[in-house]
Each structure stands twice: as structure tokens, then as C-alpha cells.
2 protein chains.
Amino acid sequence: MPRPRVLPYIILGLLNKNGMMSGKDMISEFKTDISEFWTVSHSQLYPELQRMVDEKQIKVAEDVEVKDRKVINYVIEAKGQETLKRWLAEPITLKNDELTSLKLYCISDQRAPILQQILKQCLALHQQKVVHLKARKELLFGDELAIKANYGHYLILSRAIERESDYVNWLQSKIN
Amino acid sequence: MPRPRVLPYIILGLLNKNGMMSGKDMISEFKTDISEFWTVSHSQLYPELQRMVDEKQIKVAEDVEVKDRKVINYVIEAKGQETLKRWLAEPITLKNDELTSLKLYCISDQRAPILQQILKQCLALHQQKVVHLKARKELLFGDELAIKANYGHYLILSRAIERESDYVNWLQSKIN
DNA sequence: TCTTGCATGTAAAGGGTTACATGATTTG
DNA sequence: CAAATCATGTAACCCTTTACATGCAAGA
């Protein structure tokens with residue numbers, strides 16, 4: 001199985017959040033607000049939009065107002081909202097955790113139950129990570145000599161523990 | 001240009017660090033110590049090893065001792081050491097920063113000048129990131145209302161700032 | 001009308017993963 | 001000697017990016 005696709009969900013998330021959008025609007029939002037976590041090229045976006053129209057996830061918006069340019073506007077359909085909802089509700093695992101920030105980005109409402117659900121799953125996952133990393137550090141670098149022999153490895157392992165611990169603390173502060 | 005290749009450099013880094021290794025040895029180290037940052041499948045590794053032998057970056061090690069199995073052992077060549085050195089010395093940018101941990105992993109010696117060089121470049125880069133993210137937060141969420149309207153976005157932006165700030169502090173603590 | 005810019009669209013090339021294959025070695 | 005294991009090898013498929021293409025529209 002190839003790498004799971006992310007783009008369709010982000011498209012749904014944006015349309016669900018912002019209402020009507022064109023491909024250009026999406027690319028603009030990708031660059032300004034999402035580029036920190038994820039990137040996409042326009043040559044990937046436009047075919048994907050067409051595919052999603054075929055799948056009835058989204059539809060071309062009737063240009064109510066001006067038909068200024070060759071801009072094509074899209075809106076989300078009911079099926080797309082279902083797809084988005086299922087994606088957000090997927091259990092968070094080591095494999096898909098890199099998408100968690102993107103999922104959060106799609107959730108506007110502070111009181112949405114799915115938000116706390118995601119934060120809690122994320123917390124559990126990263127608490128596990130901390131435990132695993134600390135055990136690994138103890139095993140590999142319990143001896144001072146080992147640190148000198150593999151200093152770079154020691155550095156990134158120490159850093160990973162600090163990073164994950166910091167993340168865990170932050171997650172806890174955001175959970176009710 | 002397609003995504004720049006990482007695997008050859010990791011292979012060189014491992015061989016430089018560990019001496020003689022077989023493909024299986026590498027996969028084993030990938031899984032135990034590097035999987036936190038990077039993954040590779042064996043179907044990618046073995047052809048790459050052959051390519052690198054053709055390029056004289058590495059060579060098949062004469063089985064000095066036992067020829068127990070069909071295991072093939074490799075050692076790094078002078079050309080490979082040069083390649084590795086150049087890779088480690090490449091300036092760190094937003095594009096290639098995701099590889100920085102892997103580079104550090106390849107550096108055993110705490111007093112290697114390249115190590116401090118990498119840490120300093122990394123620091124500068126992430127300090128810039130903090131500045132940029134804080135400006136973005138001020139712009140987007142200076143208003144309390146905006147936070148409620150896009151809570152998920154607010155969350156990941158706040159988190160990014162904290163994560164980057166924490167990283168900056170850590171980097172500073174490791175720089176002479 | 002001609003040029004330039006721009007939103008959208010298409011093509012080609014390489015990276016990466018999963019699934020399957022090979023051949024030797026251990027194990028019963 | 002048969003069967004299972006395992007290091008290595010191969011094939012097919014999709015994702016992603018870069019480069020190039022199209023066609024309309026604003027402005028000179």
C-alpha cells in the first residue's frame with residue numbers, strides 16, 4: 001500500500017472551515033498557515049479537486065456573484081463532511097501522528113468533543129514515547145563512557161526525550 | 001528535481017561510525033535507533049548498496065573470518081568519507097533541517113568542529129522560526145475573538161512557538 | 001490589439017512502499 | 001532430506017515534485 005493520502009482531507013477541512021474556496025485560495029492558505037507542517041504543489045491539488053468532484057465529496061460552486069476570472073470555486077458536500085468527520089475520528093497511532101496538527105487545524109470550535117478526544121489520544125501516545133525513549137537512554141548511555149563514544153546519538157536521544165516531555169506537558173495543559 | 005536522497009548518506013554515516021556492516025546490520029540499526037526520525041525499507045536499501053559499490057563510495061568487505069551465511073559486509077571507502085564530510089558540512093536550511101538529527105547521529109566525537117557548526121546554524125534557523133511564528137500569532141490572534149473562531153489553528157500555532165522556543169533553549173545549552 | 005500575468009492543467013521522472021521471489025542455512 | 005527461516009533481491013504501483021502548457025483577462 002502506498003503512502004496514505006492526506007491532501008483530500010485537508011481540502012475537506014479547509015472547505016468545511018471557510019465555505020467556498022478556489023484552488024488558488026487553498027494554495028494561499030497552504031503557504032501562509034500550513035506550510036509549517038505540510039506542503040503541496042498545485043500540480044497535485046488541481047487533479048485532486050477534480051477527483052473529489054467526481055466522488056461527490058465536493059462540488060463546483062455556482063458563481064453566484066461575479067464570474068470575474070477563470071477561477072473555479074468549490075464547496076463541501078454532505079458526503080465530504082462525513083469523510084472529514086471519519087478522518088478526524090481515526091485513532092491516533094505512531095504511523096499517523098504526523099497528521100495530528102493538520103487535524104487540529106481543521107477544528108474551529110474549542111468545545112468540539114473530537115478536539116479533546118484527539119488531545120487525549122495524542123497525550124497517551126507521547127507519554128508512551130517518553131517512557132520508551134528514557135528506557136533506551138538508560139540502556140545505551142547509562143555508562144558515561146558510552147556518551148563520549150557516540151556523542152551525536154546521545155544528543156539526539158536526549159533532545160527527543162526533552163521534546164516529547166515538553167509536548168506531554170503542553171498536551172496536559174490543554175486537556176480538561 | 002525530485003526529493004533529495006537521504007539513504008546514501010545514512011549508509012555512509014553508519015559505515016563510518018561502525019566499520020564493517022551488512023545490510024541486515026543497517027536495517028537493524030535503522031529500526032532500533034533511527035526509526036524515531038527516519039525509516040527505510042530493505043527493498044530500498046539493497047539496490048542502494050549495490051549502486052554505492054559501483055560508485056566506489058563503499059566496497060564489499062573481504063570476509064576475513066567466517067563466511068557463515070550469504071551475508072554481504074560493506075566498508076566505507078575514501079570517496080565515501082569525502083561524500084559524508086561534504087554532506088555534514090552543507091548549510092542547514094528550512095528545506096533540509098529535517099535531516100539535522102540524522103547528521104548529528106553520524107557524529108561520534110563530541111569535539112568535532114562540524115558538530116558545533118551544525119548546532120549554531122540550527123540555532124539561528126530556529127530563532128528565526130520563533131520570530132516568524134510569534135509575529136504570525138500576533139497578527140492572527142491578537143484579538144481574543146479570533147481565538148474562539150479558529151481554536152484549532154490557534155492551538156497548533158501556540159504549540160509551534162513553544163516547541164521552537166524549547167528547541168532554541170536546548171540548542172543554546174549545547175553550544176560552547 | 002498586443003503583451004504580460006495568472007489560475008488552472010498536463011507530462012515526465014524519481015522516490016518510496018508493499019508484495020512477491022530467490023537461494024542458502026539451519027532445524028527437525 | 002524436507003521444511004522453515006532469513007538475508008538479499010525484484011517488480012509493480014502510487015505519491016510527489018519540477019517543468020512545461022493552456023487560455024483567459026487586465027492594462028498599455
Side-chain angles (χ1 to χ4, degrees), chain A residues 1-11 14-15 20-32 34-35 37-55 58-61 63 65-74 93-96 98-99 102, chain B residues 1-11 14-15 18 20-32 34-35 37-55 58-61 63 65-74 87 93-96 98-99 102:
Chain A
M1 203 179 353
R3 193 182 310 179
R5 304 160 49 79
V6 191
L7 179 54
Y9 301 110
I10 312 298
I11 291 173
L14 288 192
L15 287 178
M20 191 173 76
M21 292 181 86
S22 69
K24 178 194 161 54
D25 295 335
M26 295 178 193
I27 287 175
S28 165
E29 187 155 344
F30 289 153
K31 278 197 211 151
T32 57
I34 305 184
S35 66
F37 312 98
W38 185 75
T39 62
V40 72
S41 51
H42 78 270
S43 59
Q44 210 181 346
L45 174 64
Y46 291 116
E48 184 64 39
L49 287 169
Q50 291 175 338
R51 222 172 298 147
M52 293 176 73
V53 169
D54 295 341
E55 293 174 358
I58 64 179
K59 68 177 177 187
V60 175
D63 283 340
E65 286 293 322
V66 288
K67 200 189 199 76
D68 270 352
R69 285 182 81 82
K70 59 187 165 178
V71 171
I72 304 173
N73 284 300
Y74 299 90
T93 66
L94 265 175
K95 292 281 173 197
N96 67 21
E98 61 183 346
L99 305 179
L102 289 173
Chain B
M1 205 177 355
R3 192 182 309 180
R5 304 161 50 78
V6 190
L7 178 54
Y9 300 109
I10 312 298
I11 291 172
L14 289 192
L15 286 179
N18 300 339
M20 191 174 74
M21 291 182 85
S22 68
K24 178 195 162 54
D25 294 336
M26 296 179 192
I27 287 176
S28 165
E29 186 154 344
F30 289 152
K31 278 197 210 149
T32 58
I34 305 184
S35 67
F37 312 97
W38 186 74
T39 61
V40 71
S41 49
H42 79 270
S43 60
Q44 208 181 348
L45 174 65
Y46 291 115
E48 184 62 41
L49 286 170
Q50 292 174 337
R51 221 171 300 150
M52 292 175 72
V53 169
D54 294 342
E55 292 175 0
I58 64 179
K59 68 177 179 188
V60 175
D63 284 340
E65 286 292 322
V66 287
K67 202 189 198 77
D68 270 352
R69 284 183 82 84
K70 59 189 165 176
V71 171
I72 305 173
N73 284 300
Y74 298 90
W87 179 60
T93 65
L94 265 174
K95 292 282 171 196
N96 67 21
E98 61 183 346
L99 304 179
L102 289 172

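Within every chain, numbering begins at 1; the chains are lettered A, B, ... in the order of the sequence lines, protein sequences first and strands thereafter.
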Exercise for the section: Please report the shortest heavy-atom distance between His42(A) and Pro47(A), naming the atom on each side. Expected result: O-CD, 4.3 Å
Problem - Worked check of side chain to side chain contact (heavy atoms under 4.5 Å, CB included) between Ser22(B) and Val71(B) - result: CA-CA 6 Å; Ser22(B) 68; Val71(B) 171; 3.3 Å; yes
Handout entry: Atom pair CZ (Arg51(B)) and OH (Tyr46(B)), whose distance is rounded to the nearest 0.5 Å
Key = 15.0 Å
Exercise for the section: Starting from C1' on dG15(C), measure out to CD1 on Ile10(B) and report it in whole angstrom. Expected result: 15 Å
Practice task
For dG14(C), take OP1 and OP2 only and decide whether either is under 4.0 Å from a side-chain N or O of Arg5(B).
Solution key: no
Completion exercise
For Val40(A) and Trp38(A), the nearest pair of non-hydrogen atoms, with its separation, is CB-CH2, 3.6 Å
Exercise for the section: Sugar-phosphate atoms are those with a prime plus P, OP1 and OP2; base atoms are the rest. Using that split, label each nucleotide of nucleotides 4-11 of chain C B, S or - for protein heavy atoms under 4.0 Å, 5' to 3'. Expected result: -BBBBBBB
Exercise for the section: Would you mind classifying the nucleic acid contact of Ser28(B) as base, sugar-phosphate or nothing, using non-hydrogen atoms under 4.0 angstrom? Expected result: nothing
Handout entry: Heavy-atom closest contact (Gln44(A) atom, Leu7(A) atom, distance)
Key = O-CD2, 3.6 Å
Handout entry: Atom-pair distance (CD on Glu98(A); P on dG16(C)), nearest Å
Key = 14 Å
Practice task
Would you indicate, yes or no, if dG16(C) has its OP1 or OP2 atom less than 4.0 angstrom from a side-chain nitrogen or oxygen of Thr39(B)?
Solution key: no
Practice task
Could you state the atom-to-atom distance from CD of Glu48(A) to P of dT17(D) in whole Å?
Solution key: 13 Å
Problem - Protein-nucleotide distance (Leu45(A), atom CG; dC15(D), atom P), rounded to Å - result: 15 Å
Practice task
Ignoring hydrogens and angles, tell me if any N or O in the side chain of Ser28(A) forms a donor-acceptor pair with the backbone of Lys24(A) under 3.5 Å.
Solution key: no
